[in-house]
*Asks:* 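Below are the structure tokens for one structure; questions will follow.
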Number of protein chains: 2
Amino acid sequence: MMNTMEKRPVYLRVRDELADKIVSGIWQANEKLPAERQLSEQFSITRVTARQALVQLEAEGLIFRSNRRGWFVTPQRINYDPSRDIGFVSYVEEQGFSARTETLSKTLVEVPDWVADAGGIARGTPVYEILRRRYINERPCLIEKIYLNPKNCPGLLQHSLNQSLWHLLRTEYQLDPAERDLEIYPQTLDAPVAEALGVNTGSTGLYIRRVCRDQNGEFLEIDEEFWLHNAMKVVVQVSSKSL
Amino acid sequence: MMNTMEKRPVYLRVRDELADKIVSGIWQANEKLPAERQLSEQFSITRVTARQALVQLEAEGLIFRSNRRGWFVTPQRINYDPSRDIGFVSYVEEQGFSARTETLSKTLVEVPDWVADAGGIARGTPVYEILRRRYINERPCLIEKIYLNPKNCPGLLQHSLNQSLWHLLRTEYQLDPAERDLEIYPQTLDAPVAEALGVNTGSTGLYIRRVCRDQNGEFLEIDEEFWLHNAMKVVVQVSSKSL
DNA sequence: AAGTGGTCTAGACCACGTG
DNA sequence: ACGTGGTCTAGACCACTTT
């Protein structure tokens with residue numbers, strides 16, 4: 001029974017009880033929580049209040065929702081280093097998870113203005129655009145949008161892109177990035193991305209943008225990643241530059 | 001009048017109208033939005049629905065709330081490079097904002113276990129712990145918790161710490177970081193941090209952890225930062241390591 | 001004292017996913 | 001067909017901030 005003398009709002013007390021079942025391991029990763037109506041009955045609260053507790057846990061990353069199927073326990077975050085290119089799949093597998101990449105589309109498009117500006121190429125130039133979806137333990141965790149200058153990698157789209165892109169770029173085209181500019185911030189997922197990840201539009205995500213250049217500072221690749229906010233931790237190692 | 005044929009939920013249509021006033025500049029940064037009750041009347045909706053729209057905008061980072069005072073338009077994000085130590089204040093001022101640092105506490109404590117492990121020092125060792133709050137345009141934006149090995153900087157706490165810590169460490173103690181390990185992920189703000197930032201417990205934040213080492217790999221500083229999720233963008237430049 | 005957001009109740013209907 | 005979450009109404013009382 002809950003202590004009714006406690007001043008903490010009801011929804012936070014419910015949150016605490018549910019959080020407890022998760023961190024203590026009573027509810028395992030990917031396990032489905034009881035239905036909202038069931039929870040409200042169990043705690044003698046309205047569904048609105050139950051939802052408030054659930055939304056709070058979602059914000060904390062402890063649970064996630066899948067469309068209209070229900071609420072589930074979030075699996076452990078993976079570590080992710082956007083500055084390395086040893087290959088997503090092997091990197092994730094090193095941590096004991098399974099990973100998979102799926103190519104959603106690969107096309108030649110007119111370069112978006114911001115990509116042209118960030119990459120220092122002329123506006124309107126045609127570039128390769130690759131859209132991929134990546135899974136961790138069969139859960140779709142990020143959408144990736146990649147832009148490449150065809151000048152550097154002609155015929156790239158003929159290859160299968162469900163594997164490490166950098167492995168391909170290195171072995172087939174002798175490309176090697178020397179420097180990367182990263183931009184990272186929390187952002188809500190817009191409709192197309194959210195849909196592709198099977199979550200609600202407007203749910204929280206983490207946005208990562210990566211601009212890779214070669215030794216001459218010439219743009220090699222620009223990559224935008226839209227992650228579920230609870231799927232990973234960014235882990236980067238930076239050496240000091242002499243100024 | 002809103003198009004009632006539209007399938008988009010009401011709260012998202014309200015969101016759109018409010019978002020429009022913000023991005024179009026009709027409502028300026030830090031301006032207060034109309035009261036929830038006023039909005040619900042204006043749009044002929046319940047307060048619950050109005051709140052749903054506001055919470056959505058909050059998640060997107062477009063507005064923020066201040067205790068029970070109301071909802072306000074979020075000012076522009078600053079760029080933040082956790083790999084540099086040119087000084088927070090000057091870095092922010094370069095971008096046209098004002099900045100200020102406030103020391104909340106400075107003490108000698110027994111090293112927390114995770115700090116000892118991450119820093120490679122013996123558990124139980126005494127270390128300096130510094131707690132600071134940083135403002136951008138007089139808005140509290142982050143809480144910083146710093147751990148330092150007193151061996152490297154004896155007497156540090158006698159200095160004023162409302163300024164660039166690394167300037168102090170360099171000029172007074174000849175310390176210079178060679179390498180930094182960064183860990184970055186979205187996380188909700190716990191009670192003490194949220195209170196110190198004047199926001200609700202459980203609101204979204206961005207967590208940054210930084211471990212600085214010298215050339216010999218010895219731990220110099222560990223720093224935990226708890227940011228408002230909408231206050232900044234992480235911007236890091238990484239040079240490729242030869243593997 | 002008045003105004004604000006914070007919390008909560010007790011319902012309802014809808015759209016979608018799963019059997 | 002049924003169970004699920006997604007949305008929404010029309011109220012209420014409380015705690016805190018501002019005037």
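In what follows, chains are A, B, ... by sequence order, proteins preceding strands, each numbered from 1. Values below: every heavy atom of this structure, side chains too, minus hydrogens, waters and symmetry copies.
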*Asks:* Please report, rounded to the nearest Å, how far the C1' atom of dG19(C) is from the NZ atom of Lys32(A).
*Replies:*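 Taking NZ of Lys32(A) and C1' of dG19(C), I get 14 Å after rounding.
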*Asks:* How do Asn67(A) and Asn67(B) order along DNA chain D: which one's closest nucleotide is nearer the 5' end?
*Replies:*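 Of the two residues, Asn67(A) wins.
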*Asks:* Does Arg139(B) qualify as a cation-pi partner of Phe64(B), given the criterion of NZ or CZ under 6.0 Å from the six-membered ring centre and within 45 degrees of its axis?
*Replies:*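 Yes.
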*Asks:* Do we see a donor-acceptor contact under 3.5 Å between the side chains of Tyr135(B) and Glu102(B)?
*Replies:*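 A pair is found: one side chain offers a donor N or O, the other an acceptor, under 3.5 Å apart.
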*Asks:* What's the CZ-C1' distance between Arg8(A) and dC14(D), to the nearest Å?
*Replies:*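 These atoms are roughly 18 Å apart.
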*Asks:* Using a heavy-atom cut-off of 4.0 Å across all strands, would you classify Arg65(B) as base, sugar-phosphate, or nothing?
*Replies:*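 The answer is sugar-phosphate, as Arg65(B) gets under 4.0 Å only of primed atoms, P, OP1 or OP2.
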*Asks:* What is the distance from CZ of Arg37(A) to C1' of dG6(D), rounded to the nearest Å?
*Replies:*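 One finds 10 Å between C1' of dG6(D) and CZ of Arg37(A), rounded.
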*Asks:* Any side-chain donor paired with an acceptor under 3.5 Å for Tyr207(B) and Glu224(B)?
*Replies:*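 Short answer, yes.
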*Asks:* Please pick, from dC13(D), dG5(D), dC8(D), the nucleotide with the shortest atom-to-atom distance to any side-chain atom of Thr49(B).
*Replies:*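 Output: dC8(D).
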*Asks:* Which listed nucleotide (dT18(C), dT17(D), dA15(C)) is nearest to the side chain of Arg68(A)?
*Replies:*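 Of dT18(C), dT17(D), dA15(C), dA15(C) is nearest to the side chain of Arg68(A).
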*Asks:* Just how far, in rounded Å, is P of dT7(C) from CD of Glu36(B)?
*Replies:*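 Computing the Glu36(B):CD to dT7(C):P distance gives 11 Å.
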*Asks:* Assign each of Leu54(A) and Val48(A) to its nearest nucleotide of DNA chain D by heavy atoms, then name whichever residue's nucleotide is nearer the 5' end.
*Replies:*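 The residue closer to the strand's 5' end, by nearest nucleotide, is Leu54(A).
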*Asks:* Which whole-number value in Å describes the distance from Tyr11(A) OH to dG6(C) C1'?
*Replies:*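 Between C1' of dG6(C) and OH of Tyr11(A): 8 Å.
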*Asks:* Nearest whole Å is fine: how far is dG6(D) C1' from Glu58(A) CD?
*Replies:*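 Roughly 13 Å, once rounded to whole Å.
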*Asks:* Send over the distance from Glu195(A) CD to dA15(C) C1', rounded to a whole Å.
*Replies:*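 The distance from CD of Glu195(A) to C1' of dA15(C) comes to 15 Å, rounded to the nearest Å.
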*Asks:* Nearest whole angstrom, please: distance from the C1' of dG3(C) to the CG of Leu33(B).
*Replies:*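 In whole Å, dG3(C) C1' lies 16 Å from Leu33(B) CG.
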*Asks:* Go through Arg133(A) and Glu144(A) one step at a time and tell me if the salt bridge (Lys or Arg N to Asp or Glu O under 4.0 Å) criterion holds.
*Replies:* CA-CA 6 Å; Arg133(A) 175 166 43 203; Glu144(A) 191 183 21; over 6 Å; no
*Asks:* Consider the side chain of Gln52(A), meaning its heavy atoms from C-beta on, and name the nucleotide among dC8(C), dG5(C), dT9(C) that approaches it most closely.
*Replies:*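 In terms of side-chain proximity for Gln52(A), the closest of dC8(C), dG5(C), dT9(C) is dC8(C).
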*Asks:* Quick check on His167(A): does its NE2 atom have over 12 non-hydrogen neighbours (other residues, nucleotides or ligands) under 6.0 Å away?
*Replies:*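 No.
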*Asks:* Taking any heavy-atom pair under 4.0 Å as a contact, classify Arg47(B): base, sugar-phosphate, or nothing.
*Replies:*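 Base contact.
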*Asks:* Which of these nucleotides, dT4(C), dT9(D), dC8(C), is closest to any side-chain atom of Ile45(B)?
*Replies:*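 Nearest to the side-chain atoms of Ile45(B), counting from C-beta on, is dT9(D).
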